[in-house]
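See structure below.
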Protein chains: 2
Amino acid sequence: MRKALQNPDNCAVVRTMGYIGGKWKPIVLIRIFTGVKVRFGKLTVQMPDISRKILAQQLKELEEDGLIIRHSYMEKPPRVEYELSELGKTLIPVLKAMNDWGEQMENPGACPTWNPVI
Amino acid sequence: MRKALQNPDNCAVVRTMGYIGGKWKPIVLIRIFTGVKVRFGKLTVQMPDISRKILAQQLKELEEDGLIIRHSYMEKPPRVEYELSELGKTLIPVLKAMNDWGEQMENPGACPTWNPVI
DNA sequence: ATTAGTGGTAACATAAAGGAAACTAATGAG
DNA sequence: CTCATTAGTTTCCTTTATGTTACCACTAAT
């Protein structure tokens, strides 16, 4: 669905959904934004409910879409770090708005998304 | 998935996705917000790509979630009008942020979502 | 020789979302 | 009597999305 939604003929909101729609993308972006030297394994620990396969897939799509940058260091065992791209950073206001709405909705404070987690 | 995402134990952004996630919900909400006396048929005309079945289903979910109000007049042929609830109106900043991001992304002006369409 | 550590991938399976086409009820118009 | 109108619903089917489990490559440490 992602690629279909990104179709330039679609309305703006629909296109946006093409980039951040999906169960995990918004939270993955926030984790990458609020973290430092964010590694794959760190993300799996922070978000135990997302499977490794899905996480890898979402990261790949986010990279394809130019929202995050993947730094791969040629070491053994491997080390990979993710960070938001400049384009990805422009999404912050959107993610913040979504976060704020969800917070005032109910259960404020469950999983404090916006506060950095080590 | 919608109900699962709305689980209060989830992070705020994830919960928000439970309400506005889905291919058509954001645009349906905007259409209802920017329109007057918005009727089912009017929506199908404004959004020819969404099938009647899916539209009806999304409207029902939005109503269940308390984001829109359904006014059904007992006439024949039937007349139904939709409007945003107070809660639904609190989503406007989120939808606006999504719309703005999508606009600056590409093809600005395709399907001018935010401007009222008759 | 075995194990731990890292960032994945492959094969397979299920769940959720989305959609096409036909159908309904009640009434007023012609 | 027949047709148009409105806001859906029903049935059946296809496409996406998400998830589980097992496995790989390479090195250093035990």
Side-chain angles (χ1 to χ4, degrees), chain A residues 1-7 10-11 14 17-28 31-32 35 37-65 68-83, chain B residues 1-7 10-11 14 17-28 31-32 35 37-65 68-83:
Chain A
M1 189 171 70
R2 161 172 155 260
K3 284 299 179 190
L5 294 195
Q6 289 175 13
N7 180 333
N10 284 334
C11 309
V14 177
M17 285 300 291
Y19 288 88
I20 62 171
K23 191 164 169 179
W24 302 108
K25 276 183 187 172
I27 184 70
V28 167
R31 288 269 71 87
I32 292 178
K37 293 186 189 303
V38 179
R39 301 179 58 172
F40 186 88
K42 217 150 125 188
L43 289 172
T44 65
V45 172
Q46 286 181 4
M47 303 179 288
D49 289 345
I50 180 173
S51 76
R52 310 168 62 71
K53 182 203 148 190
I54 298 299
L55 177 58
Q57 179 190 299
Q58 307 283 289
L59 288 168
K60 188 178 289 179
E61 291 182 2
L62 290 170
E63 195 199 358
E64 274 177 28
D65 290 343
I68 64 175
I69 300 172
R70 178 176 182 277
H71 300 283
S72 176
Y73 303 90
M74 286 307 170
E75 309 173 354
K76 299 290 168 163
R79 178 161 64 100
V80 174
E81 291 174 3
Y82 293 95
E83 64 166 338
Chain B
M1 193 170 65
R2 162 174 153 260
K3 283 298 178 189
L5 294 193
Q6 289 176 12
N7 180 331
N10 284 333
C11 309
V14 176
M17 285 299 291
Y19 288 87
I20 62 171
K23 191 165 171 179
W24 302 108
K25 277 185 187 171
I27 183 69
V28 167
R31 288 269 72 87
I32 292 178
K37 294 188 190 298
V38 180
R39 300 179 59 171
F40 186 87
K42 217 150 126 188
L43 289 171
T44 64
V45 172
Q46 287 181 2
M47 303 179 288
D49 290 344
I50 179 172
S51 76
R52 312 166 64 71
K53 179 201 147 189
I54 298 298
L55 178 58
Q57 179 190 298
Q58 307 281 290
L59 287 169
K60 190 178 289 181
E61 290 182 2
L62 290 170
E63 195 200 357
E64 275 177 26
D65 289 344
I68 64 175
I69 300 173
R70 180 176 181 276
H71 300 283
S72 175
Y73 302 90
M74 284 308 170
E75 307 172 356
K76 297 290 170 171
R79 179 162 62 101
V80 173
E81 291 175 4
Y82 293 95
E83 62 165 342

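Quick note on labels: first sequence line is chain A, next is B, and so on, each numbered from 1.
- Side chains of Met17(A) and Lys23(B) form no contact here, defined as non-hydrogen atoms less than 4.5 Å apart.
- Across the interface with DNA chain C, nearest-nucleotide mapping of Ala56(A) and Ile54(B) shows Ala56(A) to be the residue nearer the 5′ end.
- For Gln58(A), a side-chain nitrogen or oxygen approaches OP1 or OP2 of dT18(D) to under 4.0 Å.
- Among the atoms of the strands shown, none is found under 4.0 Å from any heavy atom of Glu75(A).
- Residue Arg39(B) places at least one side-chain N or O under 4.0 Å from the OP1 or OP2 atom of dA7(D).
- Atoms CD1 (Ile20(B)) and C1' (dA17(C)) sit 17 Å apart, rounded to a whole Å.
- In this structure, the salt bridge (Lys or Arg N to Asp or Glu O under 4.0 Å) partners of Glu61(B), at least two apart in sequence or on a different chain, are Arg2(B), Lys25(B).
- Qualifying side chain to side chain contact (heavy atoms under 4.5 Å, CB included) partners for Leu55(A), counting only residues two or more places apart in sequence or in other chains: Val28(A), Phe40(A), Leu43(A), Thr44(A), Met47(A), Ile50(A), Leu59(A).
- Counting to the nearest Å, the C1' atom of dT18(D) and the CD atom of Glu61(A) are 11 Å from each other.
- Straight-line distance from the NE2 atom of His71(A) to the C1' atom of dT6(C): 18 Å, rounded to whole Å.
- Side-chain proximity of Lys23(A) to dG8(C), dG8(D), dG19(D): nearest is dG19(D).
- The phosphate of dG8(C) has OP1 or OP2 within less than 4.0 Å of a side-chain N or O from Tyr82(A).
- The distance between atom CG of Leu5(A) and atom C1' of dG19(C), rounded to the nearest whole Å, is 15 Å.
- Between the CD atom of Glu63(B) and the P atom of dA7(D) there is a distance of 15 Å, given to the nearest Å.
- What separates CE of Met17(B) from P of dA17(C) is a distance of 11 Å, to the nearest Å.
- For the OP1/OP2 pair of dG8(D) and a distance below 4.0 Å, the side-chain nitrogens and oxygens of Arg70(B) include at least one atom meeting the criterion.
- By the salt bridge (Lys or Arg N to Asp or Glu O under 4.0 Å) test, Lys3(B) pairs with Asp65(B), sequence neighbours left out.
- Nucleic acid contact class of Lys60(A) (heavy atoms, under 4.0 Å, all strands): sugar-phosphate only.
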Contacts under 3.5 Å, N or O only, protein and nucleotides 20-30 of chain C:
none

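- Partners of Lys53(A) under the side chain to side chain contact (heavy atoms under 4.5 Å, CB included) rule, at least two apart in sequence or in another chain, are Ser51(A), Gln57(A).
- One atom, CD1 of Ile27(A), and another, C1' of dT18(D), lie 17 Å apart when rounded to the nearest Å.
- Sequence order on DNA chain D of the closest nucleotides to Met1(A) and Glu81(B) puts Glu81(B) first from the 5' end.
- How far CD of Gln46(B) is from CD1 of Ile32(B): 10.0 Å, rounded to the nearest 0.5 Å.
- Under the rule for a side chain to side chain contact (heavy atoms under 4.5 Å, CB included), the partners of Asp49(A) that lie at least two apart in sequence or sit in another chain are Trp24(A).
- Computed from coordinates, the Leu43(A) CG to dG7(C) C1' distance equals 12 Å when rounded to whole Å.
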